[in-house]
Every structure is written in C-alpha cells, then in structure tokens.
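Just so it is clear: chains get the letters A, B, ... in the order the sequence lines come, proteins before strands, and each one is counted from 1.
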Amino acid sequence: AQNLPVYQMLVLLGDQVISYFFNLFLLTQRFYVADFRWEEERYTDGSKWRFLEHKGPVFAPPYEPVPSNVKFYYDGKHMRLSPQAEEVATFFAKMLDHDYTTKDIFRKNFFKDWRKEMTSEEKATITDLKKCNFAEMNEYFKAQSEARKAMSKEEKLKIKEENERILQEYGFCIMDNHKERIANFRIEPPGLFRGRGDHPKMGMLKRRIRPEDIIINCSKDSKHPKPPPGTKWKEVRHDNKVTWLVSWTENIQGSIKYIMLNPSSRIKGEKDWQKYETARRLKSCVDRLRAQYRDDWKSKEMRIRQRAVALYFIDKLALRAGNEKEEGETADTVGCCSLRVEHIKLYPEKDGQEYVVEFDFLGKDSIRYYNKVPVEKRVYKNLQLFMENKEPDDDLFDRLNTSILNKHLQELMDGLTAKVFRTYNASITLQQQLKELTSPDENIPAKILSYNRANRAVAILCNHQRAPPKTFEKSMQNLQTKIDAKKDQLSDARRELKSAKADAKVRRDEKSKKAVETKKKAVQRIEEQLMKLEVQATDREENKQIALGTSKLNYLDPRISVAWCKKWGIPIEKIYNKTQREKFAWAIDMADEDFEF
DNA sequence: ACTAAGACTTAGTAGGTCCTCG
DNA sequence: CGAGGACCTACTAAGTCTTAGT
C-alpha cells in the first residue's frame, strides 16, 4: 500500500467522499490519467475494484402491436391475436426469409413455446404451424425497414442523436478512478433463439427480461441505479470480487448473462496483457514441456499417454481444450479432449506421407475442422491403441478430460492451461511469419500484404473461418475490371512517355524536357496504383473463407504488431482500426520497435 | 473427487455506416 | 451525389476455466 498513487491512497483511507470527488476530478483529467493507467498498482487481494457506479441497463423497447390492417391468417381465415401471442408471432414472421424457419426442430420448438403464450381460445384454434400465414406481417416488417432506410437526413440525425444521448447516459460507468465504456449496456431483446449448427433448442422463445430479473452490482457508496418507475430490481449487491455490473439468467440454457466493460477498459486491458505475459512464459519453457510429453508417449500408464497425445494435438494443431457438454442441450461439437473415435481416421500412408491422421469434426460454433497431418510414429501407434475395441461414438481419450489436463499443465507452469497454447502458438507464428515475409525494400502496401499474410497463417492455424461474402464473386470481378482498365491506362501513359522522349531528343529544349519528366512521373504513379490494385486482389482472394479478425483481437499479442509497425514505419492505423487501437492502447503505449514476444 | 454454477473469453454474423468511384 | 461495397460495430452464442458446494 505504501507505493500506491495518491488517489488510490485516498480510497484506501476509506474516505469515500474524498475519493468520489477525486473520481469526478479525474474524469475531467482523463486524457492525462489514461496515459499512465497501465502503471497503476493492481489489487493483490483478488478484489477487482473499490468504487463502481453506473446507471443500470437499458431495457428492450416494449412491444408495439402491428396495425390492425396487418392480418394474420389461420387456415386461410383472418384471426386477431392477443398481444402476447402476436408478439411471438412477429418474431417468427420477421424470420420468414431465413433458412431457420424451414427446419423441423426450429418450427417444433417455436410452435411449442408460442402456444404457451396463447390464450386458451387461440390454443384451441391454432394447432398446426403449417396452417399459419405470417406473410402480411412479414411484408409489414420489410416495409418498415425500407421506410427506415428512406428516412430523411434530419430524421436519421435525430435518431442518431437520441442513440448518442442514451450512450452518454448509460454507456459509461465509473470504476475506481476512471470513467469507463460499458460493452453491452442494452438488455438482449426477446426473440427466437438462434443456435448455431444443429442446435436442439433453436426456435425456442427467448423471453423478455424485466427489472425483476436483474441483479445490479455496484459499490455501496455509489449512487445506485434506479429501476424503471413501478418496478424493482431482483437484487442489488456489492461484490467487488467480480467485474460485471449487471446480470440476469437467460431462459434457454439457464445460464447467466452479464453486462461488463468494454475491451478498452483498464480491467479488460490488464487481463489481456496478463494473458500474453502468460503465453510468453510458456515460450520460455515450451521446449521442456515438449520433451516431457514426447517422453510420456512411452508411459506405461494409459492415462498419461492419452494426456501426452492430447497435449501434442493442442500444441501442434492449436486445438481447443474440449470440455464435456451436456448431451441434447447444445449442438454436438467437440474439442481435443472430447474427440471421439469417429472424428479421426488413420492412414499408415497417404499422399506419399507416413502415419497420417485425418481430422474431421465440428468445433466451436459448429465450424468444421478438417485436416490431414502426418504425425510421429509413436503418436500413431498410441492412437491405434486408444481406438482398439471402441465404437465410433466412444471417446478417443477415455481416460482424460480438460480438468485432468489442466491440472497437469498447472503443475508444469504456473497459470498454464490448454488455451495458453493457442495464444502462444498464434503469437509466435505471427512474429515468425512477419520476420520471414517482410522484405525491407518493399513499399507500404506490399508490407501490409505481408502482414495480412502472416495474420492469415495464424487464422488458418486457429481454423477461423467465415462464410465467403455474398458479394465476393462480383466484387472480385469488379476489381479485375479495374485492374484491366489500369493496365490500359499504363500502356497509354508509357506510349506518351516514349513519344515525349523522342520529341525531347529532337527539340532539345527545356519545355520538352519538362514534359518528359511529367510523363515519367505519371507512368510511375500509374504503376504504383496498378500494383496496389493487384496486391488488393491477391489479398482478397486469399482471404475468401478466412476470418482475420478473431485472431487479431484475441490471439495475437498486439505488441508484436506495434513493434512491426514501428520498425518499418507503417502507420498503426493501417493495421488497427479505431476500436482496435482503443483495445490495444496499452500495447501501443508500451511496445517499442524491438519488442520480442 | 465430482458436479454445477459462475465468470469471463472467444466467436461468427447481421446490419448499419461510411467511403469510393463513376 | 447516389449506388455499391468494404468496413465496422453491436450482438449474443458458445466456448474455457475457476469456484463453490456436496
């Protein structure tokens, strides 16, 4: 406590009045404080803050019934729905164009939950979803969204200003000495649950959250948020061992949802920094760990062999840990520890390589992981052993789960868990790829292409995929047209330059000499533009099905990128947009050009 | 030791926004 | 200055890991 900055001393003294005014004072000095916030002391007792004040959540707007001329038909006959039933019907009507509404499970779940909202008369009449006609509702909402797009500038501005006002009022909190941005201060509106992949609960009604469902977390001495008039919070608590401001229990999985701070906040930034520091500690002992698990492949104990092979996959392939999941509650997806026999195939020899393992399974978000990898003979033999006498749907690693694995990892290095390997391998790959791909004499666009390629290598490693953009083919074509046009322009410019040169040779005067110079410059400029376009095309093509954002935001130590930018004189804005710069402010502040991950 | 709950990180997508180019 | 598309952000689902409870 002796070394705390003055303003935290005030807090320690328990003089909340003073610290409160100090908070206010600091708000006005924010730019100054922000520069030094990474150097503030952290709490050592597990508490996350001393002072927390906020205005509570923003609730979803109440339901607005559709106009009476927008009709719902059952079995061809117009039917007026009660407001409760109508609201749920509109959720379905809004999704009519979506694939979801054609899926059996979605329809079944929706219909079951919808019926719960109906009056007994409605329930008696509406017994078959196929006989429901939501078309007018659907058109109504489409028209609404068209109308919104067609609004005048003034109207749009008005909405924008209103949003800004709400943001200013509810979008910030005071945590200790800083005004911080809140990530998600709006409560999730009611609607139909859209799970990803083959989710058994898709289509279920996600119910409206009321103040009575809300738990508020703030400090005792703060101004507590007020529930809307005539309502009560479920609870107001003062738990400074957690970082969330608001929580409620969601009705689909029964899990808790939270309102927390923006990634730019001190509390998230510090945690992020810590994460990369842990990954860097792994760097310094990874050789030892690798030697260890290779050794464990030979263990006489099956559980140790399984642990060692699983760890090898996590390290080599950047697989996720793979917690068990409750069957039937979520989509059937797996990670490393939960791999089943049916998810891998062994080939003693394939495509000229020995001991090949073929992985084919659905991972997080039901994204397919498909990969063929040659492995060490010992790993191969072990896998054969693990698969002996098992059915396809049996666990590959039957003596292993994430808790066992993580306990082991914890013993090898303080703070080590399975996911640290993903962070470590992602970051080290970026660093090494940047080293390999950046050529000093290339121009800035080419260097950025190299950066994107390094980023891409990581995204591929982590299997971060995206659906190819709907407009991909077209935008690619457009770009090609531009390139062709630019090429024509270039040959024209070259021709002009040539004739200007010839002209200058004959005339030998200042004016024609100048003309040559101008033409030369023009050619150069067009060449550069062409190159930029071509680089852009390559970049885009290579990026078709790969999402770079996830790794950039979650796996790559930002200091690597910052250092790279400084080293090659690339403006940081070329790599990180505004949000990203805010999130990584700590790294931009901290890293110099010779930072080594 | 095991399980469930809780807290927090990681993930893809929808849809809005803003920029570019003709 | 309007269309088209790239980019960005909000949203919220789906993971991981820790903690609490038995």
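A salt bridge is defined here as a Lys NZ or Arg NE, NH1 or NH2 lying under 4.0 Å from an Asp or Glu carboxylate O, and A:Lys257 with A:Glu188 meets this definition. By the 4.0 Å N-to-carboxylate-O rule, A:Arg208 lies close enough to A:Glu87 to be salt-bridged with it.
Close to C:dC8, at under 4.0 Å from its OP1 or OP2, lies no side-chain N or O of A:Lys578. A sub-4.0 Å separation between OP1 or OP2 of C:dA14 and a side-chain N or O of A:Arg194 is absent. The shortest distance between the side-chain N/O atoms of A:Lys325 and the OP1/OP2 oxygens of C:dT16 is not below 4.0 Å.
The side-chain contact (heavy atoms from CB on, under 4.5 Å) with A:Leu430 is formed by just one residue from the set A:Asn425, A:Asp557, A:Val458, A:Leu461; it is A:Val458. Under the salt bridge (charged side-chain N to carboxylate O under 4.0 Å, His left out) test applied with A:Asp176, the options A:Lys48, A:Arg50, A:Arg266 reduce to a single match, A:Arg266. Under the side-chain contact (heavy atoms from CB on, under 4.5 Å) rule, A:Phe421 has a single partner from A:Leu416, A:Leu319, A:Leu317, which is A:Leu416.
Under the rule for a side chain to side chain donor-acceptor pair (under 3.5 Å), the partners of A:Glu329 that lie at least two apart in sequence or sit in another chain are A:Lys201. The ring pair (Phe, Tyr, Trp, His ring centres under 6.0 Å) check on A:Phe584 picks up A:Tyr576, with sequence neighbours excluded.
Backbone-only contact: A:Ala418 has heavy atoms under 4.0 Å from sugar-phosphate atoms and none from a base. Contact annotation for A:Gly335: no contact, since no heavy-atom pair falls under 4.0 Å across all strands. Nucleic acid contact class of A:Lys552 (heavy atoms, under 4.0 Å, all strands): none. The residue A:Gly549 sits apart from the nucleic acid: no heavy atom pair falls under 4.0 Å. Nucleic acid contact class of A:Arg368 (heavy atoms, under 4.0 Å, all strands): none. As judged by a 4.0 angstrom heavy-atom cut-off over every strand, A:Pro263 is placed among residues making no nucleic acid contact.
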Would you mind building the protein contact string for nucleotides 7-12 of chain B? One character per nucleotide, 5' to 3', B for base within reach (heavy atoms under 4.0 Å), S for sugar-phosphate only, - for untouched.
BBSBBS
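Distance A:Phe185 CZ to C:dT9 P: 14 Å, rounded to the nearest Å. Nucleotide C:dG15 holds its P atom 13 Å from the NZ atom of A:Lys257, rounded to whole Å. Remark: P of C:dC8 and CD of A:Glu573 are 12 Å apart, rounded to the nearest angstrom. Between A:Glu250 atom CD and C:dC11 atom P the separation is 17 Å, expressed in whole Å. In this structure, A:Ile187 places its CD1 atom 13 Å from C1' of C:dC11, rounding to the nearest Å. To the nearest angstrom, P of C:dT9 lies 13 Å from CG of A:Leu167. One can place CD of A:Glu582 at 13 Å from P of C:dC8, the figure rounded to the nearest angstrom. One atom, CD1 of A:Ile182, and another, P of C:dT9, lie 18 Å apart when rounded to the nearest Å.
For A:Phe193 and A:His199, the ring centers sit closer than 6.0 Å to each other.
Side chain of A:Asn577, nearest nucleotide from C:dT12, C:dT16, C:dT9: C:dT9.
Within the structure, ring pair (Phe, Tyr, Trp, His ring centres under 6.0 Å) contacts touching residues 146-171 of chain A (residues at least two apart or in different chains) do not occur.
Residue order along DNA chain C, read from the 5' end via each residue's closest nucleotide, puts A:Gln580 first among A:Thr333 and A:Gln580.
Rounded to the nearest 0.5 Å, atoms CD1 (A:Ile256) and CH2 (A:Trp244) are 8.0 Å apart.
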Under 3.5 Å, which protein N or O atoms sit close to an N or O of nucleotides 17-22 of chain B? Give each pair with its distance.
none

Would you tabulate the nitrogen or oxygen pairs shorter than 3.5 Å linking the protein to nucleotides 18-22 of chain C?
none

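The closest side-chain donor-acceptor pair between A:Asn443 and A:Lys447, if any, does not fall under 3.5 angstrom.
The neighbour count for A:Lys407 NZ, taken as heavy atoms of other residues, nucleotides or ligands under 6.0 Å away, does not exceed 12.
Checking side-chain atoms of A:Asn577 against main-chain N and O of A:Gln580 turns up a donor-acceptor pair under 3.5 Å.
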